[in-house]
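Structure first, commentary second.
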Number of protein chains: 2
Amino acid sequence: MQKQQTLSRNQKIIFDLIDKSPEPMKAYSILFNVQKKGIKAPLQVYRALDKLIEIGKIHKIESRNAFIACQNSSCQISKATAFSICESCENVSEISNSKLSKYLSNFSDDSGMKYSKYNLEFFGLCKKCKSK
Amino acid sequence: MQKQQTLSRNQKIIFDLIDKSPEPMKAYSILFNVQKKGIKAPLQVYRALDKLIEIGKIHKIESRNAFIACQNSSCQISKATAFSICESCENVSEISNSKLSKYLSNFSDDSGMKYSKYNLEFFGLCKKCKSK
DNA sequence: CATGTAAATGTTATATTATTACATAGCGTT
DNA sequence: AACGCTATGTAATAATATAACATTTACATG
Ligand SMILES: [Zn+2]
Ligand SMILES: [Zn+2]
Ligand SMILES: [Zn+2]
Ligand SMILES: [Zn+2]
């Protein structure tokens, strides 16, 4: 079990919003949505995002500059993330596949580099978009 | 063998610059460096970058918003990229490992999604930085 | 060689994403 | 109370990327 983090006010507002969203949210869309709750500036959003990422409650989809709630009941593995992204409808989901994560976590080559973290993004067409 | 692409003037200027750089280059740093050659606007840079990415001569390091020349003599596999990134010195190199690429290209899960492309970024400490 | 068309270029303005700098507030420990 | 730490507030600005529109170049093919 991992330590339960208590979220601060801004962190909670922003996490709840992202968590309810069916799709990854962009920072300024988050900002727009929380302005009625008193969060007025980009920096307030980015600070909360940074913290939420650090504790594994959300992840950043790098290729989209967007943020998604962790779909693994708060990623034990926030340092080992994998996503599938539909290039047609932009649906994103977190891949939870122990073989894959084991394979990548143990990956090493002859570069002498010690890999402590990875992020993998798969692209393709989701079931729905394929059948169109 | 893949079709030999002829680069246009701007594409060539920008590719040569990136190719000579020992580290990934950012778009506005590229812009700054090619202004003496007559490329004056961001869009000219981004258009060349888009094309170079499309034909596999360069890749974008998503987590860094930076661009690197393909280190696999023009990636047959520009749709299957893997990089190692040192979080201390920011050295980036392209991983060319046929087992890894085979594993990932063939990866599938029960989501019904057909993966046609992936990008993987490993993070850690390079040999040099580890021994400091 | 004229004509069509796709690709590339040039230019200005603007949108989007993210950080710097500085000031203040809350909270637990000593 | 004094300290250290985390979080917050606010303004300004930096960094990354695209939209819109006009023009030019390459080159196939009739
Ligand atoms: Zn997760
Ligand atoms: Zn889809
Ligand atoms: Zn490559
Ligand atoms: Zn290093």
Side-chain angles (χ1 to χ4, degrees), chain A residues 3-18 21 23-68 83 85 87 90 92 119 121, chain B residues 2-18 21 23-68 85 87 90 92 119 121:
Chain A
K3 177 165 88 181
Q4 177 61 26
Q5 293 279 155
T6 311
L7 301 184
S8 74
R9 186 177 138 269
N10 287 1
Q11 287 159 17
K12 180 157 180 16
I13 291 170
I14 286 171
F15 174 71
D16 286 345
L17 178 65
I18 296 173
S21 171
E23 65 221 4
M25 292 194 77
K26 309 206 129 207
Y28 277 70
S29 151
I30 293 168
L31 175 58
F32 179 80
N33 275 277
V34 297
Q35 278 180 327
K36 47 183 174 288
K37 304 216 171 172
I39 295 175
K40 289 176 194 151
L43 187 51
Q44 293 175 290
V45 172
Y46 281 105
R47 282 197 286 226
L49 291 174
D50 285 350
K51 186 69 190 195
L52 290 168
I53 288 170
E54 187 191 320
I55 64 179
K57 301 280 287 181
I58 65 171
H59 304 299
K60 181 172 185 180
I61 309 301
E62 293 286 357
S63 65
R64 298 299 187 261
N65 296 318
F67 304 86
I68 191 177
F83 303 94
I85 302 173
E87 291 188 295
E90 291 293 324
V92 174
N119 179 54
E121 297 180 3
Chain B
Q2 68 181 149
K3 178 165 88 181
Q4 176 63 24
Q5 293 279 154
T6 312
L7 300 183
S8 73
R9 185 177 139 269
N10 288 1
Q11 288 159 16
K12 181 157 179 16
I13 291 170
I14 287 171
F15 174 72
D16 287 347
L17 178 65
I18 296 173
S21 171
E23 63 221 6
M25 292 194 75
K26 308 207 132 208
Y28 277 70
S29 151
I30 293 169
L31 176 58
F32 179 80
N33 275 276
V34 297
Q35 279 181 327
K36 47 183 174 291
K37 305 217 172 172
I39 295 175
K40 288 175 193 151
L43 189 50
Q44 293 175 288
V45 172
Y46 281 105
R47 283 197 284 226
L49 290 174
D50 285 349
K51 185 70 190 192
L52 291 167
I53 288 170
E54 187 191 321
I55 64 180
K57 301 279 287 181
I58 66 170
H59 304 299
K60 180 172 185 180
I61 310 299
E62 293 287 357
S63 65
R64 299 297 186 261
N65 296 320
F67 304 86
I68 191 177
I85 303 172
E87 290 187 295
E90 290 294 323
V92 174
N119 180 54
E121 297 181 3

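The sequence lines fix the lettering, A, B, ..., with proteins before strands; numbering per chain opens at 1.
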If you assign B/Ile39 and B/Pro42 each to the DNA chain C nucleotide with the nearest heavy atom, which residue ends up on the more 5' nucleotide?
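Result: B/Ile39.
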
Closest nucleotide of DNA chain C for B/Ala41 versus for B/Asn65: which of these residues is on the 5' side?
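Final value for this comparison: B/Ala41.
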
May I have the distance from [X] (atom [atom1]) to [N] (atom [atom2]), rounded to whole angstrom?
X: B/Arg9; N: C/dG10; atom1: CZ; atom2: C1'; result: 10 Å
X: A/Asp50; N: D/dA7; atom1: CG; atom2: C1'; result: 13 Å
X: A/Arg64; N: C/dA18; atom1: CZ; atom2: P; result: 14 Å
X: B/Phe15; N: C/dA8; atom1: CZ; atom2: P; result: 16 Å
X: A/Leu49; N: C/dT19; atom1: CG; atom2: P; result: 10 Å
X: A/Leu43; N: C/dT20; atom1: CG; atom2: P; result: 10 Å
X: A/Leu52; N: D/dT8; atom1: CG; atom2: P; result: 10 Å
X: A/Tyr46; N: D/dA11; atom1: OH; atom2: C1'; result: 17 Å

Base C/dA18 paired with A/Tyr28 side chain (donor-acceptor, <3.5 Å):
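Yes, a donor-acceptor pair under 3.5 Å.
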
Could you tell me whether the side chain of [Y] reaches within less than 4.5 Å of the side chain of [X], counting heavy atoms only?
X: A/Gln35; Y: A/Leu31; result: yes
X: B/Tyr28; Y: B/Val45; result: no
X: A/Lys60; Y: A/Asn65; result: yes
X: B/Ile14; Y: B/Leu7; result: no

Would you say [X] reaches [N]'s phosphate, i.e. side-chain N/O to OP1/OP2 under 4.0 Å?
X: B/Asn10; N: C/dA7; answer: no
X: B/Lys26; N: D/dT16; answer: yes
X: B/Lys51; N: C/dA7; answer: no
X: A/Ser8; N: D/dT8; answer: yes
X: B/Gln44; N: C/dG10; answer: yes
X: B/Gln11; N: C/dA8; answer: yes
X: B/Lys60; N: D/dA17; answer: yes

Classify A/Arg47 by what it touches in the nucleic acid, base, sugar-phosphate, or nothing, heavy-atom distance under 4.0 Å.
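Here A/Arg47 touches the bases of the nucleic acid.
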
Which pair of heavy atoms, one from B/Lys51 and one from B/Gln11, lies closest together, and at what distance?
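Reported closest heavy-atom pair: CG-NE2, 3.4 Å.
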
